[in-house]
Amino acid sequence: MIKLKNFNYTLLHQDKNSKARLGKLNVFGKEVITPVFMPVGTKATVKFLSPEDIKKIGASIILSNTYHLWLRPGNEIVAKAGGLHKFMNYDGPILTDSGGFQVFSLADFRKISEEGVTFKSHLDGTKLFMRPEDSIKIQMDLGSDIAMSFDECIPYPATYDYTKKSMERTLRWAKRGKDMHTREDQALFGIVQGGDFEKLRKYCAKELTKMDFDGYSIGGTSVGEDKATMYRMIDYSIAELPSDKPRYLMGVGAINDILNGIERGVDMFDCVLPTRIARHGTLMTSEGRINIKRQIYKDDFRPLDSECDCECCKNYTRAYLNHLFRNNEGLGMRLLSIHNLRFLVRLVEGAREAIKEDRFLEYKEYILNKYHFDERGF
RNA sequence: GGAGAGGUAGCGAAGUGGCUAAACGCGGCUGACUGUAAAUCAGCUCCCUACGGGUUCGGCAGUUCGAAUCUGCCCCUCUCCA
């Protein structure tokens, strides 16, 4: 087993009234204070944003994707460039998802076996095969700071039998991946699966913990289940995870979900939601959800969100943003992406402050009451 | 003045006797979006007191059981020649 030289999690403060925790993740000399929200840059770019934009937003770590970079430009090219950081000119921490989510999202194009997953490339239909070992090898080539185990993200609902079978296979895949992971400058996280079954979630978390990963992810959430179920999945998973390692709730980025996750002891979140909805004209603001494309904003010369300090809100009006969207101008997508990301970064920043003072639950209530978001949480 | 071509819903453009309130595209309006096949996708877009009804395809008058589609006259636009 390899020993990482410079990766560890330090619990800075445990909230007295909930499981919320303030922590410090040392990622090979780069510091990430948790809870943290990680913007998603699937294809080695947070769509429409430069690395400089990402830093200005206050994001301290971002995501990228193994499956997509494997197809294009190919891990060899990224390795040849000197690794993902150099390739995309981003020196902050990068976490790569293993391709496990594509097992779910590209369901029409794949077949799962014990050995691995057969994909039909979504780009040109080429037959592809990815084993857990391949995913780890690719991630080592990419040189991300944190790699993920290759898992199967199952849909919801799923039967107990299938969920159990899949989860056990995911455990075997986790072991196979871990056995061949050799980079000392890259952490590796295991992923808890088990659907909405308490027994399976707990078993999975325990087994992964035995394998001693550098951190643990909670996968298989936000795939169609209701909120209460998602929160239960988180509780079941965290119940058996060690407190001295970071916990990452994969793919979750709605405001109420982030707050509920933090309350339950989650340290890391990532989600395409803020950037995707931004590109589609939807914003998270202190007034609630706004769709900038609506005609009422055509002559609204107020800033998007008067309480926000981002580049978009400080410099541009709703009328201008509406105009940019009506004309399909890329600047609109960039500015709105900046805003939504900044909104979530500020949300978790506020959570950290609150945890420090043991008032996380009050903070959560304050946020949920203040912003008029519906059940979806944005 | 002469010779052609054409006028269809906000715009462009199909349709050339019934299956047409009228394809399709754009524009407009409203939604959706949670480890990114996503600058994407879905619905609506003549009027109304709306599981029904009322008016449409430059205008008017005809032919026909039935017309945006056929006939006549009129109005308008574009191209070429003088």
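Quick note on labels: first sequence line is chain A, next is B, and so on, each numbered from 1.
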Notebook entry, point to check: On a whole-Å scale, what distance lies between the C1' atoms belonging to U16(B) and C70(B)?
Noted result: 10 Å
Item checked: Pairing of K165(A) and D161(A) as salt bridge, 4.0 angstrom limit -> no
Next item on the list: Indicate whether any N or O donor in one side chain lies under 3.5 Å from an N or O acceptor in the other, for Y316(A) and H323(A).
Entry: no
Check: Which whole number of Å gives the distance between the C1' atom of C46(B) and that of U20(B)?
Finding: 14 Å
Item checked: Any strand: nucleotide that pairs with U63(B) via Watson-Crick or wobble, under 3.5 Å -> none
Notebook entry, point to check: Does any nucleotide pair with G17(B) by Watson-Crick or G-U wobble geometry, both distances under 3.5 Å, and what is it?
Noted result: none
Checklist line | A14(B) to A22(B) separation - C1' atoms, rounded to the nearest Å | finding: 10 Å
Notebook entry, point to check: How far does the P atom of A13(B) sit from the matching atom of A21(B), given to the nearest Å?
Noted result: 24 Å
Notebook entry, point to check: Does C51(B) pair with anything, Watson-Crick or G-U wobble, both distances under 3.5 Å, and if so, with which nucleotide?
Noted result: none
Note to self: At under 4.0 Å between heavy atoms, how does the protein contact nucleotides 30-37 of chain B? Give one character per nucleotide, 5' to 3', with B, S or -.
What the structure shows: SSBBBBBB
Checklist line | Identity of whatever pairs with C29(B) - Watson-Crick or G-U, under 3.5 angstrom | finding: G43(B)
Check: Whole Å only: how far is the CG atom of L321(A) from the C1' atom of A39(B)?
Finding: 15 Å
Checklist line | Nearest-Å distance once atom P is located in both U56(B) and A9(B) | finding: 15 Å
Item checked: I290(A) CD1 to T285(A) OG1 distance, which is reported to the nearest 0.5 Å -> 4.0 Å
Next item on the list: With a 3.5 angstrom cut-off on both distances, give the Watson-Crick or G-U wobble partner of A22(B), or none if there isn't one.
Entry: none
Item checked: Side-chain H-bond candidate by donor/acceptor type, D358(A) with H13(A), under 3.5 Å -> yes
Checklist line | Complementary nucleotide of A3(B), counting Watson-Crick and G-U pairs under 3.5 Å | finding: U79(B)
Item checked: Short side-chain donor-acceptor distance under 3.5 Å, H181(A) and Q186(A) -> yes
Item checked: Rounded P spacing from G66(B) to G18(B) in Å -> 15 Å
Notebook entry, point to check: Among K370(A), R302(A), K314(A), which residue meets the salt bridge (charged side-chain N to carboxylate O under 4.0 Å, His left out) test with E307(A)?
Noted result: K370(A)
Item checked: Donor + acceptor pair across side chains of R21(A), Y9(A) (<3.5 Å) -> yes
Item checked: Integer angstrom distance from the P of U55(B) to that of C41(B) -> 40 Å
Item checked: Separation between the P atoms of C47(B) and U40(B), rounded to whole Å -> 28 Å
